[in-house]
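Written out below as structure tokens is the structure these notes cover.
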Amino acid sequence: MIKRTVLVLLIIATLVLSSCVDSKVGTYTAYSVAMDTQAAITVYGNNKASAEECARLFEQLDKLLSVTAENSSVAKLNKRGYVEASDELSYIISQANRIKEETNGAFNVCVYPLVKLWGFTTGEHRVPTDDEIKAAALKVASSSVWVENGNAVLSEGALVDFGAIAKGYASEKMAHILKENGVGAAVISLGGNIRTVGKKPDGTDWRIGINSPNGNGIIGTLSLGEAAVVTSGSYLRCFEENGTLYHHIIDPQSGYPAANGLVSVTVVADDATLADGLSTAFFVMGMDKAVNCAQKLGVEAVFVTETTITVTQGLKKSFTPDKSIEGVYKTIYLD
Ligand code: AMP
Ligand code: MG
């Protein structure tokens with residue numbers, strides 16, 4: 001706990017020092033730390049106040065959506081089975097249920113009993129017994145969340161975790177605020193969630209790197225206009241026991257971390273909430289089903305395994321593999 005506090009203080013100190021106006025290129029970056037992530041909101045032009053508004057919003061949304069903070073709306077919902085639904089919570093629940101349906105339940109915010117069982121979110125990782133996993137998976141299968149008479153409501157014994165969609169929602173909301181405030185160009189970066197706004201003032205595309213799952217640099221770059229680019233990866237939160245790696249993206253049906261050869265999935269879509277939900281879902285679905293789903297929903301994706309990078313048709317011209325991956329990954333472009 002002390003270590004964590006010191007780390008957060010160090011990050012904040014660094015960020016305060018580095019929050020500054022870059023007069024040469026006319027950008028300003030505001031930072032905040034929430035949702036276990038460092039947010040960086042970079043705006044072009046004289047838009048410092050808007051960037052700071054977004055940074056504060058990130059902290060406010062964390063207070064609403066955090067599954068671990070005792071007084072968040074989501075914590076209250078999990079404790080009591082209902083909570084007054086703000087517009088934000090109602091919208092997130094409707095989007096979560098929509099994505100669950102579109103992905104045949106691969107995405108399921110009611111997965112929290114399983115996430116908890118494996119120790120993700122609490123940090124007390126352990127490999128549960130098969131019986132424990134079966135029981136929790138059964139519970140998840142019969143769980144649901146909905147909005148009724150202004151309240152968010154859970155089915156008997158259900159528990160929700162919006163961790164797979166919250167950052168996407170936050171970045172989408174920030175993008176709308178920036179646009180409303182007349183910001184013409186910005187990049188919102190919330191960990192693996194990138195949301196660009198407008199075009200760069202010089203008219204060129206944004207260049208967004210996809211991180212290497214091994215932690216060494218990037219595997220490639222996407223050149224894009226306004227878009228949401230969200231990555232889910234097994235390497236982002238995991239633990240090892242007896243030589244096996246267990247990660248945080250759970251297949252709600254089996255109750256185990258998804259195991260289909262994927263190590264990361266990046267989704268490119270117009271809407272960041274959808275992109276965030278789908279990157280998690282595609283990781284669970286595996287590449288073949290995910291490619292079909294992406295086509296159906298009109299989104300694009302980059303799928304990474306230990307040896308391959310598969311790029312969907314609409315990103316053919318946007319994706320450039322990094323030189324460093326030559327001989328390590330084979331890049332496959334889908335027709
Ligand atoms: P992301 O990094 O967006 O892929 O979200 C992963 C987080 O979402 C995990 O740390 C869990 O809290 C939660 N989660 C894990 N599996 C699922 C799933 N199948 N559907 C929805 N949320 C999940
Ligand atoms: Mg996600």
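Remember, it's 1-based here, ligands and their atoms both numbered in the order they're listed.
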What do you reckon, does [X] have a nitrogen or oxygen under 3.5 Å from a nitrogen or oxygen of ligand 1?
X	value
S232	yes
A106	yes
T121	no
I250	yes

Close approach, F120 and ligand 1, non-hydrogen under 4.0 angstrom: no
Ligand 1 contact by S279, heavy-atom criterion under 4.0 angstrom: no
Any side-chain donor paired with an acceptor under 3.5 Å for [X] and [Y]?
X	Y	value
H176	E180	no
T204	D202	yes
D271	Q95	no
E88	Y169	no

Option of least heavy-atom distance to atom 20 (N) of ligand 1 (set: N108, L114, V67): N108
Under 3.5 Å donor-acceptor, S232 side chain and D276 backbone: no
Validation row, ring centre Y246 to ring centre Y256 under 6.0 Å: no
Rounded to 10 degrees, the angle O of A164 makes with O of D276 at the Mg ion (ligand 2): 90°
Nearest neighbour in protein (non-hydrogen) for atom 14 (N) of ligand 1: V111 CG1, 3.9 Å
Presence of N, O or S from S279 under 2.8 Å of the Mg ion (ligand 2): no
I165 near the Mg ion (ligand 2): N/O/S under 2.8 Å: no
From N108 atom CG to I99 atom CD1, the distance as rounded to the nearest 0.5 Å: 11.5 Å
